[in-house]
Amino acid sequence: MAEATGTATADTVIDSGDDGVRRRDFINIAAVSAAGIGGLSVLYPLISQMAPSADVLAESSTELDTAAIAPGQAIKAIFRKQPLFVRRLTEVELDEANAVQLADLRDPATMADRTKEGHGDILVTMGVCTHLGCVPLGAAEGENKGEYGGYFCPCHGSHYDTAGRIRKGPAPTNLEVPEYEFTSESIIRVG
Amino acid sequence: MIRILAILGGLFFAVASLWAFGLGAFTAATTTTEKPAEYAFHEEWTGPEDGFSFDGIVGNWDRQQLQRGYQVYKEVCAACHSLNYVAFRNLADLGYNDAEVKAEAASWTVPGIDPNTGEAVGRPGLPTDNFPSPYANNVAAAAANNNAIPPDLSLMTKARKNGSDYVYSLLVGYGSPDPEKLAKYPEFETPDGLYFNKYFPNVNIAMAPPLNTGQVIYADGTEATISQMSEDVAAFLSWTAEPTMVKRKQTGWPVLGFLLFATILAWFAKKQVWSSVKPRKDD
Amino acid sequence: MSFSWARQYEPKNGFTQWMDERLPLPRLVYNAVGAGYPVPRNLNYMWNFGVLAGFFLVLQIITGVVLAMHYASDATVAFAKVEHIMRDVNWGWLMRYAHANGASFFFIVIYMHIFRGFFYSSYKAPREMIWLLGVVIFLLMMATAFMGYVLPWGQMSFWGAKVITGLFGAIPLVGEPLQVWLLGGFAPDDAALNRFFSLHFLLPFVIAGVVIMHIWALHIPGSSNPTGVEVKQESDTVPFHPYYTAKDGFGLGVILILFAIMVFFLPNALGHPDNYIEANPLSTPAHIVPEWYFWPFYAILRAFTVDFLFIPAKLMGVIAMFGSILIWFILPWLDRSPVRSGHYRPLFRKFFWFGLIPAMVVLFICGGAPAEEPYVMLSQLATAYYFLHFLVIIPIIGQIEKPKPLPYSITEAVLGSDKKAVKGENATPAV
């Protein structure tokens, strides 16, 4: 914009007498505050529109049949757009998991805590590394199961044991066990 | 120069449109065009006598009525009409609790796949599913309905002017043409396979009268007359068209109140600011 | 800015001092819409609409960006995505209704702004460039609005896209290939929807750029005013802030009340029910109309029902419709009256109120009505007047009219006298 050339002159037009200054200030402050409040309250819908929408939040559930999983095998499923691991542990793996001292664990939990009663050999976890969200290896046949024979996340080297508990590497907590229930002897419903 | 060109251009456009006007006026004066008989038989639709509970700027849903309307949709309309944009979970708005929504959803069969073979099968609906379509696709819908595809109903009341009234009127509007008008237009007759309905835009509709007295048995004991069912299903379809309608109006009031308050403040602030430059006799 | 008495920006503290030496943004704002911009003291409420137009441009961009976060420009899902916004997205219904009605309000405000320009001849020297940029903004707005209306992929969207691109098909020789090129196909589909979405997102930012130039050009001569007499001295002006910020704040409040009434209580009143039916290439709605803000121009398009000389009716309509806006570009050079304001031009004022305004109203009504009599014939008369008004009447009355005496200065117009007046010519109250 063009540079003004004239000298700044005192404004001769504006002439606010001493009296009424307070009232003027009050009404102006009130009007500007109202505009501010209005502007701020508009932010609320603008921000919350980015939160998950109703269809995303709606409870969704996944049903699975565990009958076909042989001991030592795992299947991958999808639960709320994220991978879900369902593994049937072998006796050896169970013993291994139960032999660990809780004090040695970063995120202490027993095998029983992480499975359902009567189905102690079925381990249901999210396939999401608790470090930064990669999908750990070890669910499919022939994949690297890590130093503890469970899951291994290749992104940053987190090792999980046969119970899906964090043993080594940067991940802070065990693989999450989602809410689920057995609706029959072999069918589970997650979520 | 530019003005001379402009004047010529202006005269050109004016002469061209007046030329069209002249020819149009000549045609209008020498020929008489008659509107098709459908115009004479068509009547403007109106709502139920005492209106809908959600009418007006403070109206609210009548949840009992919505539930009745849902029942009519489920037992009558759903045989031919889809409700594509509505999910079973939305039924919670009608006053059903979680368990009831799940049960309602499970009473519908939605397309799914067999988890073991991947084959297409029907499975009970889940709250997250949308209402299933009665036909696999438009071709199937047309084939089953004498080439008239039953429209999706989710947005029907927004897709017509005063749509809630339209749905109501249409459902109660079946009957035979007014004999007086028929005497005036003896040629008029409803083609085979269509039904006379004075509220339908061209008065001959492909949908057979869908409602009969007592067709549904309401859980709340309301008598299922045709006008009762029509009103209920019109209310239900108004909800499916805009489930957020009541929330919208309820949000509007505080917003308007605030704006009114802020504008009055702004008026006084403006007056205050300008009071110092009011016209004065001395400069 | 161009006035010697304009107040100079003075940094108040260390930070603003530091900023002023590196990026004088506060100075820019101060000089553009702050106390550093002297504005004629006699502006009436018709001068509010520029700021309001800026407000609605920003509102459209904000709500539009939000909607784009939830929309997909794929013909198979676009309609469903809009319903997703209406039903599932948090406050999505508010965003969409605010955007849809915001477009209408943007046009209401812009039409008021343009008609203020017509009446007070704001386009005259030295403000021709402001006017030209304004017409460019208006054309860009029309393109943006048209493409935006296609995005919900309802019946009106689809058929609107088909009919409006069909206009280009009227151009001799290149018309049909041009139409196919515009659509990326033989009928509107994915290709058209995607490019419309892309351009609908882009153009508002282009508009914002032209708006900056529009305001820049405004600050060279300064604002016009209801007397049409140029600013002569400091007593003719007041600083934009706080005087016009306060006045515009009040105006904004009033229009927001009207806007809120539409958004919350009548959100679909300005729309068309058929757009809640998904696009169906096999069935045209019984009565297709564009959005209300295009009705006058749509009426001009349809007014040409018969071939004229060697020009086919279809082409004639297209030329007239585009011409009806393009002639605004030469308006500053058609109107040679030395007097700006319609208040001091008795003949011009009569033609404005009893010619142009009724013609526009008739065109508006006919554009929204079905193509039946009497609407077609009325629109033909109004179209003839429209072109005569701008191209014939304005140049001629500029020559023959005897304007009323003007006040010596804005100060005299407002206060009744101005000591600096050379002669004690009687002032005519301006507002």
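By convention in this document, chain letters (A, B, ...) are assigned in the order of the sequence lines, proteins followed by strands, and residues within each chain are numbered from 1. Values in this document were obtained by computation on a predicted structure and should not be read as measured data.
- To the nearest 0.5 Å, the span separating OG1 on C/T383 from CZ on B/F21 amounts to 11.5 Å.
- For C/E278, the part lying near chain B is the side chain, with the backbone staying farther off; criterion is any non-hydrogen pair under 4.5 Å.
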Run the side chain to side chain donor-acceptor pair (under 3.5 Å) test on C/Y243 and B/S276 for me, step by step, so that the C-alpha distance in whole Å, both residues' side-chain angles and the decisive distance to 0.1 Å come before the verdict. CA-CA 10 Å; C/Y243 292 94; B/S276 52; 3.1 Å; yes
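- In terms of heavy atoms, B/G9 sits closest to C/L391 at C-CD1, 3.9 Å.
- Within the cation-pi definition used here (under 6.0 Å to the ring centroid, within 45° of the axis), C/K247 does not qualify as a partner of B/W267.
- Neither the backbone nor the side chain of B/A87 has a heavy atom closer than 4.5 Å to any heavy atom of chain C.
- Proximity to chain C involves both the backbone and the side chain of B/L11, based on heavy atoms less than 4.5 angstrom apart.
- C/R87 places no side-chain N or O within donor-acceptor distance of the main-chain N or O of B/P243, the cut-off being under 3.5 Å.
- Salt-bridge annotation for C/D274 and B/K161: absent, with no side-chain N of the basic residue lying under 4.0 Å from a carboxylate O of the acidic one.
- Rounding to the nearest 0.5 angstrom, the gap separating the CG atom in B/L155 from the CD atom in C/E83 is 4.0 Å.
- Residues of residues 252-266 of chain B placed with any heavy atom under 4.5 Å of a heavy atom in chain C are listed by number as B/G252, B/W253, B/V255, B/L256, B/L259, B/L260, B/T263, B/A266.
- Interface remark: B/L23 contributes side-chain atoms only to the contact with chain C (heavy atom separation under 4.5 Å).
- Contact tally against chain B (heavy-atom pairs below 4.5 Å) for C/L381, C/L388, C/V376: the top residue is C/L381.
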